[in-house]
Amino acid sequence: MLTPLVVDFPFEWNYIRSIIYVSLYVSLTAVALSTLFSLPIALFVGFKDFRGKTLVTSIINTGMGFPSVVVGLVVLFAVSNQGPLGSFDLVFTTEAMIMSQFVLAAPVITGVSLAAVSSVEQNVRDAAYAMGGTKLDVAFVTIKEARYGIATAVLAGFGRAISEVGSVLIVGGNIASSDGTSVTRTITTAIQLEARQGRFETAMLLGAVLVVLVLLVNAIVVRLGSDDGGYR
Amino acid sequence: MSIQRRQFMTAAAGAAGIGLAGCLSDDDRGGTPDINGETLTLTTTTSTYATGLLDELNAPFEDRYGVSVDAVPEGTGAALEHARNGDADVVMVHARTLEDEFLEAGYGVNRRDLMFNDFVIVGESDDPAGIASEDDATAAFEEIADTESTFVSRGDNSGTHTKEREIWDEAGLSDDGFGEWYLDGGGGMGETLNTANMEGAYTLADRGTFLDMREEIDLEIHVEGPVEGGPELLRNPYGIVAVNPAVHENVNYDLAMAYIGYVTSLEGQEIIEEYRSNDEQLFFPEALSEDSNFQQYVPEGWESDSDG
């Protein structure tokens, strides 16, 4: 049973390269947008005391567990020709896939960042403020203090985005062109396609590609987020 | 401390740059179809796609017209539902009853017969229900039910599932007649064949997907379809329908009709005729005929004078 692992790689290089490209493009864009959206929310909710704060926190935490197929269905409804965003013609596009992964990743990034930001001690923020820092400076100091937690949040969001199959399959349609270039096919939907045809060995190979990719992205983020260029 | 802050900002800028670069390069790619031509969205069944026929068929069309065909592989039910919502330009499916509903509701226009193959009843080689001697699909299904042999259904409103229910209907069984021996696979043809393989069960499969997967599974054909002289009931005709531009004005009707013209042309039909997987012919062209065939354009049994 192990022999398939040593035979020739059963895919065209162009096919593999293009599904990796689509996977990374969709997930990295979704995570970048989610981070831009989530960090200010995490900082705001983390610092401010306001009525309904517990409610907001529980909504964020609930969002971390949204089933991806449900998100896919909701986004499909929104972008379908009959839906509110129908005129933009987004069905079966990478943009629609980015939308659904944004919805999936944002609560994870917000929730984990919120926990990280909340754990930065009040006296650190007070000190920054006492040293004459503006509100923006205080926010930067907090982000810097909480950077490991925030990096973890971004990685968790990325992990959620790149590994999910339910929503990208529904809104993306798993399309590859006739010359084998992926249009909306990601590694996960390609795995699904192989597995449902009983080609488990090739599905496993793609799974290995996905794991390596996630490892690489993690390594890069950890390296960027650490002080001296290595993991502390 | 300030150095650390700068490093962090550099990292953040780098991350933003990666995201931005992704956006830009995709804009470039996304722009190409608008320049060179348009995109045709074809929702179709897993069987045409997974067997590799569509890639073979679409490449010359894309070259000639300078367009791209986005083929979305789904079950027949899902393919038609996308077309109902105006999210597809053309559908290629294999369940005449569902196609007829689609036409009658006004969503589809200009249906053509495209090609056919057949369904086969497959199961373990030792054949516990003893259906191998049957040349009648209905009798074979009755035997499976009588002996309560495990049967895996697609259960996904696909063309194959529609045919399966048609045969159960003829055998006089409906949902409440099924016992624990009847498993709802809820997946594509490949998944269902895998489940049947693991459960040692029977299932109804389209010949194309079965031949394509024969290497991976231990199932055998027990009842042949009409391609190998079996009953007509197991015939599996594929049709192609354009989405009605009067219902969904956003659909690319011109290109859909060009595509229908191409796949039903001498060239398109020849590609279907000559397509081989594991040295076996999977699909048989059906669009070309010297005689008139008006039934392909209208729901089955439709007559202009009748009240239907």
Side-chain angles (χ1 to χ4, degrees), chain A residues 21-22 24-33 35-36 76-77 79-83 86-87 89 91-95 98 140-141 143-144 147 151 154 169-170 172-181 183-184 192-201 220-221 223-229, chain B residues 1 3-5 7-12 14-16 18-23 25-26 29-30 39 41 43 46 49-50 54-63 68-74 82 84-88 187-194 197 209 212-213 215-217 248 250-251:
Chain A
Y21 173 80
V22 171
L24 282 180
Y25 166 63
V26 169
S27 297
L28 287 176
T29 311
V31 167
L33 294 174
T35 307
L36 291 176
L76 178 69
F77 168 76
V79 300
S80 167
N81 177 53
Q82 303 295 83
S87 52
D89 212 10
V91 154
F92 307 138
T93 62
T94 46
E95 285 76 16
I98 290 170
F140 273 125
V141 167
I143 290 178
K144 198 180 85 62
R147 65 190 180 282
V154 172
L169 190 62
I170 291 175
N174 200 13
I175 298 166
S177 67
S178 58
D179 64 357
T181 308
V183 179
T184 59
Q192 194 260 6
L193 188 68
E194 293 297 317
R196 69 187 289 173
Q197 291 172 57
R199 297 201 279 257
F200 296 120
E201 287 88 1
I220 291 169
V221 171
R223 201 174 169 82
L224 289 177
S226 62
D227 291 337
D228 50 13
Chain B
M1 180 167 169
I3 293 171
Q4 288 172 4
R5 175 164 163 178
Q7 278 183 341
F8 180 82
M9 293 308 289
T10 317
I18 291 167
L20 211 59
C23 292
S25 64
D26 188 73
R29 274 160 34 99
T39 299
T41 306
T43 51
T46 45
Y49 187 86
L54 273 188
D55 286 348
E56 201 82 5
L57 194 55
N58 291 348
F61 177 78
E62 292 177 319
D63 283 350
S68 53
V69 179
D70 281 359
V72 183
E74 300 172 307
H82 274 301
R84 275 194 182 86
N85 293 333
D87 293 329
M189 192 71 256
E191 268 166 313
T192 304
L193 281 166
N194 272 313
N197 187 38
T209 311
D212 209 40
M213 280 187 60
E215 311 282 302
E216 279 96 11
I217 52 179
H248 293 298
N250 65 306
V251 297

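Every chain is numbered from 1 and lettered A, B, ... according to where its sequence line falls, protein lines coming before strand lines.
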Query - A:Leu33, part contacting chain B, at a heavy-atom distance under 4.5 Å - result: neither
Query - Side-chain donor/acceptor of A:Asn81 to backbone N/O of B:Asn85, under 3.5 Å - result: yes
Query raised in the report: Using non-hydrogen atoms only, which part of A:Ala195 is less than 4.5 Å away from chain B: side chain, backbone, both, or neither?
Result: backbone
Query raised in the report: Looking at A:Ser80, A:Gly173, A:Ser177, A:Gly172, which makes the most heavy-atom pairs under 4.5 Å with chain B?
Result: A:Ser80
Query raised in the report: Tell me, side chain or backbone of B:Thr192 under 4.5 Å from chain A's heavy atoms, or both, or neither?
Result: neither
Query - Which atoms of B:Thr46 approach chain A - backbone, side chain, both or neither, heavy atom under 4.5 Å - result: side chain
Report summary line: So, the part of B:Ala71 with a heavy atom under 4.5 Å from chain A: the answer is backbone
Query raised in the report: Considering all heavy atoms of both residues, which atom of A:Phe92 and which atom of B:Asp87 are nearest to each other, and what is their separation?
Result: CE1-O, 3.6 Å
Query raised in the report: Who pairs with B:Glu62 by salt bridge (charged side-chain N to carboxylate O under 4.0 Å, His left out), at least two apart in sequence or on another chain?
Result: none
**Report entry** Between CG on residue A:Asp179 and CG on residue B:Asp55, distance to nearest 0.5 Å
**Finding:** 8.5 Å
Requested in this report: Could you pull out all residues at least two apart from B:Asp212 that satisfy side-chain hydrogen bond (donor to acceptor under 3.5 Å, both in side chains)?
Outcome: B:Ser277
Query raised in the report: So does A:Phe200 have more than 12 non-hydrogen atoms from other groups sitting under 6.0 Å from CZ?
Result: yes
Requested in this report: Could you go through the side-chain contact (heavy atoms from CB on, under 4.5 Å) check for A:Gln82 and B:Arg84 one step at a time?
Outcome: CA-CA 10 Å; A:Gln82 303 295 83; B:Arg84 275 194 182 86; over 6 Å; no
Query - For chain A, the option from B:Asp70, B:Thr43, B:Asn58 that forms the most heavy-atom pairs under 4.5 Å - result: B:Asp70
**Report entry** chain B contact via A:Leu36 - side chain, backbone, both or neither, heavy atoms under 4.5 Å
**Finding:** neither
Query raised in the report: Rounded to the nearest 0.5 Å, how far does OH of B:Tyr49 lie from CD1 of A:Ile175?
Result: 9.0 Å
